[in-house]
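Sequence lines set the chain letters: A, B, ... in the order given, protein chains first and strands last, and positions in each chain run from 1. All heavy atoms count here, side chains included; hydrogens, waters and symmetry mates do not. In this text, all values refer to a predicted model and were calculated from it rather than measured experimentally.
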There are 2 protein chains.
Amino acid sequence: MKDKATSFDIAYLAGVSQSTVSRALRDSPQVNKETREKVQAIARQLNYKVDKNASNLRKQRSSTLALLLFEDPTTDESLINPFFLSMLGSITRACARNGQDLLVSFQQLSDDWHADYEDSKKADGIILLGYGDYVDYEEKLAKLLAQQTHFVCWGAEVLGHPEFTIRSNNWQGGYLAGEHLLNTGHRHFAFIGNASEGSPEFSARYQGFIDALAKAGITPQQVPHFDAISTESAGDQATAALLDSGVSIDAIFCASDLIAIGVMRCLKRRGINVPEQIAVMGFDDIPAASFASPGLSTIQQDTSKAGELLVNNLLKLINNQPITDNLIEPKLVVRQSCGAAGNSAN
Amino acid sequence: MKDKATSFDIAYLAGVSQSTVSRALRDSPQVNKETREKVQAIARQLNYKVDKNASNLRKQRSSTLALLLFEDPTTDESLINPFFLSMLGSITRACARNGQDLLVSFQQLSDDWHADYEDSKKADGIILLGYGDYVDYEEKLAKLLAQQTHFVCWGAEVLGHPEFTIRSNNWQGGYLAGEHLLNTGHRHFAFIGNASEGSPEFSARYQGFIDALAKAGITPQQVPHFDAISTESAGDQATAALLDSGVSIDAIFCASDLIAIGVMRCLKRRGINVPEQIAVMGFDDIPAASFASPGLSTIQQDTSKAGELLVNNLLKLINNQPITDNLIEPKLVVRQSCGAAGNSAN
DNA sequence: CTGAAAGCGCTTACAG
DNA sequence: CTGAAAGCGCTTACAG
């Protein structure tokens with residue numbers, strides 16, 4: 001039967017002009033209460049919905065945000081870092097709370113991003129999510145900046161625009177990890193993860209860790225460091241290299257939980273007990289951290305707050321409001337992998 | 001400087017009409033090759049992008065699909081089933097391959113869904129994803145049907161419209177699980193999961209399992225069955241109940257991996273060895289299945305193919321094309337939790 | 001408080 | 001092969 005109803009259909013049925021319908025539907029106080037209610041009743045009855053394309057076109061605003069999730073090019077195609085998946089969840093919810101729709105797209109870091117969501121008016125702004133190589137990354141951000149695109153990004157800093165970034169206090173997280181490992185009686189450490197300047201988040205974690213150890217008189221030179229991107233298999237391989245190198249350690253701090261899980265797998269294969277022989281500490285608190293056996297002690301990033309902040313700050317940017325808050329404080333989560341008493345419930 | 005360029009700006013610079021610009025940009029063969037290239041060059045130079053709101057309005061088509069991910073109302077708010085997260089990934093990619101944008105939204109099953117994406121012209125169709133209670137679910141589907149919304153859904157069947165569903169052959173999956181458990185020498189089974197008619201997917205898995213066992217002369221009455229929704233803690237609790245009931249078993253088939261992980265946690269707490277004393281089998285093959293210790297043997301659902309099918313079939317529905325394929329064949333993944341030789345690489 | 005009118009930026013018959 | 005014109009369905013000055 002019905003071709004979709006328009007505001008003209010409602011106007012006709014209500015005996016008012018189409019402009020009045022438009023106002024009434026947006027709850028304009030300008031329009032008489034009776035008229036307003038009558039119009040709204042008819043709209044409901046016809047199951048009328050404002051045509052977003054028409055209203056966006058007219059308003060020059062889409063009430064839509066785009067999320068670009070980019071992955072490390074070396075990662076297995078089908079596997080997305082669970083940490084980002086969890087962020088995706090909280091971003092989606094934050095969008096809903098703010099009356100925004102969310103367009104989602106996965107990109108390879110190496111690609112030319114399809115960052116034209118704002119140019120084509122599909123979205124009012126962009127959220128960038130992913131651990132990436134900072135160097136590659138920077139160019140693309142510069143381009144977005146040049147096009148005056150509204151965007152925020154997780155983790156990596158935008159040159160000259162700290163307000164575009166939302167991130168965890170990674171240094172503090174690393175520090176907490178170091179403290180905990182020290183408190184649980186460990187003295188011989190290794191770090192696994194990429195701590196180069198290409199990975200500013202990981203290297204901040206490393207630095208916090210080192211700074212915590214310094215308080216116990218341990219120097220950076222005493223802490224062997226093995227590179228790994230944020231995957232299970234990279235952690236596994238780095239651990240093998242670490243063990244084969246013959247250094248004697250009793251604790252490993254990993255730049256991410258995914259790495260830590262790979263580390264534990266390697267240790268288990270080699271018959272080394274966690275935490276009795278070697279303690280393992282992760283970072284992120286992805287769901288798998290609690291599934292692991294022993295439960296992985298880690299530094300939690302509050303993804304729920306992060307998603308909220310990402311969306312709110314982007315909206316502020318779009319509306320030319322000042323940004324006040326963009327740091328998330330990490331939290332120590334104690335399970336069993338470092339030998340402290342963990343609560344079995346988690 | 002620049003307000004965003006429009007097709008009129010390009011027309012002016014190219015010395016042609018705006019209609020010609022529009023045609024040239026869409027690679028219409030109607031327009032002279034030279035003109036076309038000239039127009040396209042200017043567009044590139046101005047960094048021109050077609051305004052989607054305007055073109056959607058005019059074409060009455062959005063080239064956008066909406067994904068509604070709804071969760072079991074009893075599940076922890078922040079935790080989305082990893083299986084669906086993986087589906088989300090493959091759906092996103094399938095959309096990209098088909099030139100569609102993807103709007104994502106999380107909903108509570110109990111809510112009134114915001115399923116008005118198509119009414120408001122924000123999307124051409126909807127993908128429904130989530131394990132839900134079939135009974136609740138059915139009403140909402142009937143409503144979508146009545147509004148002639150284009151949609152496909154995962155798992156649950158739409159009354160009278162089997163072509164709207166894409167699902168795994170759950171019966172076959174359950175059958176494979178039963179066979180494997182039999183082949184690894186087990187004889188005393190339990191099933192954990194909700195096998196009521198409210199969960200058609202789970203009950204099909206149960207049925208396949210029972211049918212496999214029948215070949216070894218085992219009757220349904222010999223297989224105790226404990227209810228659980230698809231979460232770790234539900235699996236844990238159901239296992240406690242199972243053990244406390246005093247029945248003697250040597251294998252548990254779980255309706256999902258999340259349940260299985262909870263089962264293994266409970267067994268470990270009780271000092272029961274997997275697989276030596278009790279074998280555990282999951283369903284889904286979420287990432288945590290391979291992280292678990294021992295590695296969880298399970299039935300894999302091919303999320304990549306599922307995502308592809310969901311998107312392709314929805315597009316076919318929108319374009320009035322016939323749907324030919326909507327079944328995914330599950331696959332046995334052998335790890336260590338059933339006592340068979342698993343490959344340590346996975 | 002309400003209405004007539006313009007216009008957002010496209011696509012696509014229609015005419016040549 | 002190209003152009004002039006209509007129209008997609010809204011929102012919002014402008015006028016009363």
Side-chain angles (χ1 to χ4, degrees), chain A residues 2-40 42-43 46-64 101 116-124, chain B residues 2-40 42-43 46-64 101 116-124:
Chain A
K2 49 185 170 193
D3 275 316
K4 212 124 278 187
T6 72
S7 53
F8 282 94
D9 298 325
I10 298 177
Y12 176 78
L13 290 172
V16 295
S17 75
Q18 182 267 340
S19 347
T20 298
V21 170
S22 176
R23 288 190 195 100
L25 290 177
R26 270 166 307 108
D27 261 331
S28 163
Q30 279 183 59
V31 32
N32 182 295
K33 187 159 174 261
E34 247 170 62
T35 323
R36 210 190 319 159
E37 282 167 0
K38 183 171 170 195
V39 167
Q40 291 177 353
I42 295 173
L46 295 184
N47 196 30
Y48 170 83
K49 295 279 161 16
V50 171
D51 183 316
K52 280 293 172 187
N53 291 130
S55 91
N56 289 348
L57 174 58
R58 177 58 232 246
K59 288 196 293 192
Q60 299 292 76
R61 251 280 203 161
S62 68
S63 293
T64 300
D101 284 314
D116 54 354
Y117 291 93
E118 190 165 350
D119 296 321
S120 59
K121 305 279 174 68
K122 289 192 287 197
D124 299 327
Chain B
K2 51 188 169 191
D3 275 316
K4 213 123 275 189
T6 73
S7 54
F8 282 93
D9 298 325
I10 298 177
Y12 176 77
L13 290 172
V16 297
S17 75
Q18 183 269 341
S19 345
T20 298
V21 170
S22 176
R23 288 191 193 98
L25 291 176
R26 271 166 306 106
D27 262 332
S28 162
Q30 277 184 64
V31 30
N32 181 296
K33 188 161 173 259
E34 249 170 62
T35 323
R36 211 191 315 161
E37 282 167 1
K38 184 171 169 194
V39 167
Q40 291 177 353
I42 295 174
L46 295 183
N47 196 29
Y48 170 83
K49 296 279 161 17
V50 170
D51 183 316
K52 279 293 171 187
N53 291 129
S55 90
N56 289 348
L57 174 59
R58 177 57 233 246
K59 288 196 292 192
Q60 300 291 77
R61 250 281 201 159
S62 69
S63 292
T64 300
D101 284 315
D116 54 355
Y117 291 92
E118 189 165 350
D119 297 321
S120 59
K121 306 277 174 66
K122 290 192 285 197
D124 300 327

Rounded to whole angstroms, how far apart are [atom1] on [X] and [atom2] on [N]?
| X | N | atom1 | atom2 | value |
| --- | --- | --- | --- | --- |
| A/N53 | C/dG7 | CG | C1' | 17 Å |
| A/I10 | C/dG3 | CD1 | C1' | 17 Å |
| B/K33 | D/dC1 | NZ | P | 12 Å |
| B/K122 | D/dC10 | NZ | C1' | 15 Å |
| B/Q60 | D/dG9 | CD | P | 5 Å |
| B/F8 | C/dC8 | CZ | P | 9 Å |
| B/N56 | D/dG7 | CG | C1' | 16 Å |

Select one nucleotide: of [options], the one nearest the side-chain heavy atoms of [X].
| X | options | result |
| --- | --- | --- |
| A/S17 | D/dC10, C/dC8, C/dG3 | C/dG3 |
| B/N32 | C/dG9, D/dC8, D/dC1 | D/dC1 |
| B/S19 | D/dG9, D/dA5, D/dT12 | D/dA5 |
| B/D51 | D/dG3, C/dC10, D/dT2 | C/dC10 |

*asked:* Using a strict heavy-atom distance below 4.0 Å, which residues from residues 20-31 of chain B are in contact with DNA chain C?
replied: B/S22, B/R23, B/R26
Name all residues meeting the side chain to side chain donor-acceptor pair (under 3.5 Å) criterion together with [X]; count only those two or more places apart in sequence or in a different chain, and write none if there are none.
| X | value |
| --- | --- |
| A/D101 | B/K122 |
| A/K38 | none |
| A/T64 | none |
| A/N56 | none |

*Indicate the atoms forming the closest heavy-atom contact of A/S62 with A/K121, along with that distance.*
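In terms of heavy atoms, the two residues are closest at CB-O, 3.7 Å.
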_Does A/S55 reach a base, just sugar-phosphate, or nothing at all? Heavy atoms under 4.0 Å._
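The residue A/S55 makes sugar-phosphate contact but no base contact.
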*asked:* Taking any heavy-atom pair under 4.0 Å as a contact, classify A/S7: base, sugar-phosphate, or nothing.
replied: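 It contacts sugar-phosphate atoms only.
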_By salt bridge (Lys or Arg N to Asp or Glu O under 4.0 Å) - contacts of A/K52 (at least two apart)_ =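 For A/K52, no residue satisfies salt bridge (Lys or Arg N to Asp or Glu O under 4.0 Å) once neighbours in sequence are set aside.
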*asked:* Going by salt bridge (Lys or Arg N to Asp or Glu O under 4.0 Å), name the residues that satisfy it together with B/R61, two or more places apart in sequence or in a different chain.
replied: B/D124
*asked:* Give me each pair satisfying salt bridge (Lys or Arg N to Asp or Glu O under 4.0 Å) with a member in residues 12-34 of chain A, each pair once, sequence neighbours excluded.
replied: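 For residues 12-34 of chain A, and leaving out neighbouring residues, the salt bridge (Lys or Arg N to Asp or Glu O under 4.0 Å) pairs sorted by first residue read A/K33-A/E37.
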*State, yes or no, whether a side-chain contact exists between A/D51 and B/L57 at a heavy-atom distance under 4.5 Å.*
yes
_Measuring only between side-chain heavy atoms, which start at C-beta, is A/D9 closer than 4.5 Å to A/Y48?_
no
*Distance below 4.0 Å between B/Y48 side-chain N/O and C/dC10 OP1 or OP2*: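 Yes, such a contact exists.
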*Below 4.0 angstrom from OP1 or OP2 of C/dA5, is there any side-chain N or O of A/Q18?*
no
*So which one's nearest nucleotide on DNA chain D is more toward 5', B/V16 or B/K59?*
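Looking at the nearest nucleotide for each, B/V16 comes out on the 5' side.
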*Nucleotide-level pairing of DNA chain C, given in dot-bracket where Watson-Crick and G-U pairs need both distances under 3.5 Å and | marks other strands*: |||.||||||||.|||
